[in-house]
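The next block holds one structure in the form of structure tokens; read it before the comments.
From a predicted model like this one, the values you see are computed outputs, not experimental measurements. Just the heavy atoms: all of them, side chains too, but no hydrogens, waters or symmetry mates, feed the values below.
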Amino acid sequence: MQHGLPMERDVNPFDPPSRITELRSARPISPMLFPDGHEGWLVTGYDAVRQALADTRFSNRQDLGILHVPFPTPGMPEQTEPSPQTPGLFISMDPPDHTRLRRKLTGAFTVKRMKALEEGIIEITERQLDELASLTPPVDLVKEFALPVPSLVICEMLGVPYADRETFQFNSSKFMEREVNLEDKMAAYMAINTYLAELVIGKRAEPVDDMLSDLARDEDLGIEELVGMAFLLLLAGHETTANMLALGTFALLEHPDQLAELRANRELIPDAVEELLRYLAVGDIFFRYAAEDIEFFGETIREGSTVILSLLAGNHDSARFENADQLDVHRNARGHLAFGHGIHQCLGQQLARIEMRAGFEGLLRRFPDLHLAVPAREVKLRTDMNIYGVHALPVSWA
């Protein structure tokens, strides 16, 4: 039985922890003992993770997806029951509540709508590349590029003033820390919610042309639900893509053969983005809760069991992806689990793809000799955060 959840990528900063790899090879669904003594399950095989994501018998109410609080969190009691629903946070809801709220946003995130926004996203990316080029290296790519681009995009889409970014970025970062005590975590959460409540109340009174105003016009949504949805969109809209841009650049710099392939043929970038999503899986761990007794891949998962799905382990399953621990920009990585699967599959995945394609293409074109400004071992990884990545990525160029 696995004791506790292996989290740190201990052999290679881009690969699953070695213990998870061993477990997947031996038993893709493994019993797991949580720190408080209750037994649950860890799912690491690609087929099992994908099926569990789509199986509504595995309730999502215990999970906040990218917001989840892993075991243990200082000051927080362990749970074996699903969490109370937070208004608007549909990522932690089951149907029909999830269906009702997610449906409010599906029109805003269609492939067609995202395609229409692509030109504006490229413009934002190019402006930030201009800012980056004006600086004297070495610079922190996270601070100067990877974080600003998705933050600018989501602020513009939602109607959140970018000038307020330091407030929500600081508090969202605090909220995403694993080991922060409950009091500090909730203080950060309340600070963001207070800010967003004032914003959506203003948009309900005087709506303009942005996504939060569109939601605020919907009388079916209460203020608490509007705030919850805004929180989810704002946090998910900048945290995940920012970490993919930074960690993806780090991965390419550490795989010079793959980087050379992209520099020689930038038409490979769309496939490379999918491969980086598969290979890195920055949103690694999802929690589920068995709503009933479930016979699953030869195991009996009892009602009330906590089930942890490792998207990273599933994405590195060589039964699904040949030589899965290798980064290969020529790979057809479609079907990867980085955006989840089933009814909770990431709503903003097309937006993220556009941002990453524009970001990586721009970096390769504008900075052909981009390189790390410190030894790779000195890059500080976000092993203390719910979304994996790097805290900073010092880079330089000629």
Side-chain angles (χ1 to χ4, degrees), residues 64-68 88-89 91 105 108-109 114 117-118 120-129 131-132 140-177 185 188-189 191-193 195-196 199-200 210-212 215 227-250 273 276-277 280-284 338-340 346-360 362-363 382 385-393:
L64 292 182
I66 64 162
L67 315 177
H68 74 254
L89 286 181
I91 197 172
L105 290 165
F109 285 97
M114 291 299 102
L117 295 173
E118 186 168 4
I121 293 168
I122 291 172
E123 287 179 5
I124 288 172
T125 305
E126 289 299 319
R127 286 200 302 269
Q128 202 59 41
L129 286 165
E131 290 284 333
L132 184 62
D140 174 13
L141 196 74
V142 174
K143 179 182 176 183
E144 306 297 346
F145 182 74
L147 185 56
V149 167
S151 296
L152 280 160
V153 171
I154 199 64
C155 283
E156 188 168 306
M157 285 182 64
L158 294 180
V160 174
Y162 185 64
D164 297 338
R165 65 192 180 279
E166 288 187 11
T167 298
F168 70 73
Q169 286 174 354
F170 171 82
N171 285 302
S172 64
S173 179
K174 181 63 66 176
F175 182 76
M176 299 293 282
E177 286 184 36
K185 186 178 287 284
Y189 176 72
I192 301 174
N193 273 16
Y195 167 75
L196 290 173
L199 194 64
V200 298
D210 58 50
M211 194 182 296
L212 289 187
L215 289 171
V227 171
M229 293 173 80
F231 176 87
L232 186 58
L233 291 167
L234 183 61
L235 192 62
H238 78 274
E239 274 282 349
T240 48
T241 306
N243 283 290
M244 273 301 306
L245 284 170
L247 189 65
T249 301
F250 184 29
V273 165
L276 287 166
L277 284 162
L280 300 174
V282 297
D284 177 9
F339 290 121
C346 176
L347 194 59
Q349 60 181 288
Q350 298 306 331
L351 174 64
R353 286 185 168 103
I354 291 169
E355 291 173 325
M356 282 184 277
R357 289 169 187 169
F360 289 125
L363 282 173
R382 285 169 53 108
M385 308 293 280
N386 287 345
I387 296 293
Y388 189 60
V390 294
H391 283 288
L393 189 68

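- Side-chain contact between Ile354 and Met114 is present, with heavy atoms from C-beta onward closer than 4.5 Å.
- Of all non-hydrogen atoms in Val273 and Phe360, the two that sit nearest each other are CG2-CD1, 4.1 Å.
- Side chains of Arg165 and Phe170 form no contact here, defined as non-hydrogen atoms less than 4.5 Å apart.
- Distance CG/Leu158 to CG/Leu199: 9.0 Å, rounded to 0.5 Å.
- We find the CE-CG distance between Met229 and Leu105 to be 4.0 Å, quoted to the nearest 0.5 Å.
- Taken from CG in Leu132 to CG in Leu363, the straight-line distance is 7.0 Å, to the nearest 0.5 Å.
- In this structure, Tyr162 places its OH atom where more than 12 heavy-atom neighbours from other residues, nucleotides or ligands lie under 6.0 Å away.
- Contact record, Ala246 with Val390: CB-CG2, 3.7 Å, taken as the closest heavy-atom pair.
- Side-chain contact of Ser151 with Gln169: a donor-acceptor pair under 3.5 Å is present, judged by distance alone.
- Among residues two or more places apart in sequence or in another chain, the salt bridge (Lys or Arg N to Asp or Glu O under 4.0 Å) test is passed with Lys174 by Glu177.
- Checking side-chain atoms of Gln349 against main-chain N and O of Cys346 turns up a donor-acceptor pair under 3.5 Å.
- Scanning all heavy atoms of the two residues, the minimum distance from Pro150 to Ala242 falls at CG-N, 3.7 Å.
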Passes side-chain contact (heavy atoms from CB on, under 4.5 Å), Met356 versus Leu245? Steps please.
CA-CA 6 Å; Met356 282 184 277; Leu245 284 170; 4.3 Å; yes
Under the criterion side-chain contact (heavy atoms from CB on, under 4.5 Å), I'd like the reasoning laid out for His238 against Leu152: C-alpha separation, chi angles, the key distance, then a yes or no.
CA-CA 9 Å; His238 78 274; Leu152 280 160; over 6 Å; no
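- Atom-to-atom distance recorded for Ile91:CD1 and Leu233:CG is 10.5 Å, nearest 0.5 angstrom.
- Looking at heavy atoms from C-beta onward, Met385 lies out of side-chain contact with Asn243 at the 4.5 angstrom threshold.
- For Tyr195 and Phe231, the ring centers are positioned 6.0 Å apart or more.
- Taking all atoms of both residues into account, the shortest heavy-atom contact from Ala230 to Leu212 is CB-CD2, 3.7 Å.
- Taking CG of Asp284 as the start and CG of Asn386 as the end, the distance is 10.5 Å to the nearest 0.5 Å.
- Between the Glu355 side chain and the Val149 main chain, no donor and acceptor come within less than 3.5 Å of each other.
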Val282 and Glu239: side-chain contact (heavy atoms from CB on, under 4.5 Å), yes or no, with the steps?
CA-CA 10 Å; Val282 297; Glu239 274 282 349; over 6 Å; no
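- Atom OG1 of Thr249 and atom CG of Leu276 lie 8.5 Å apart (nearest 0.5 Å).
- The backbone N or O of Leu393 sits less than 3.5 Å from a side-chain atom of Asp140, completing a donor-acceptor pair.
- For the pair Leu235/Phe175, a side-chain contact is recorded, criterion being any heavy-atom separation below 4.5 Å from C-beta on.
- Annotation: side chain of Glu131 is not in contact with side chain of Phe145 (no heavy-atom distance under 4.5 Å).
- For the pair Arg382 (side chain) and Ile387 (backbone), a donor-acceptor distance under 3.5 Å is present.
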Please determine whether side-chain contact (heavy atoms from CB on, under 4.5 Å) holds for the pair Tyr388 and Met244, giving the CA-CA distance in whole Å, both sets of side-chain angles, and the decisive distance to 0.1 Å.
CA-CA 9 Å; Tyr388 189 60; Met244 273 301 306; over 6 Å; no
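- Within the 4.5 Å cutoff, the side chain of Pro161 has heavy atoms near those of the Asp164 side chain.
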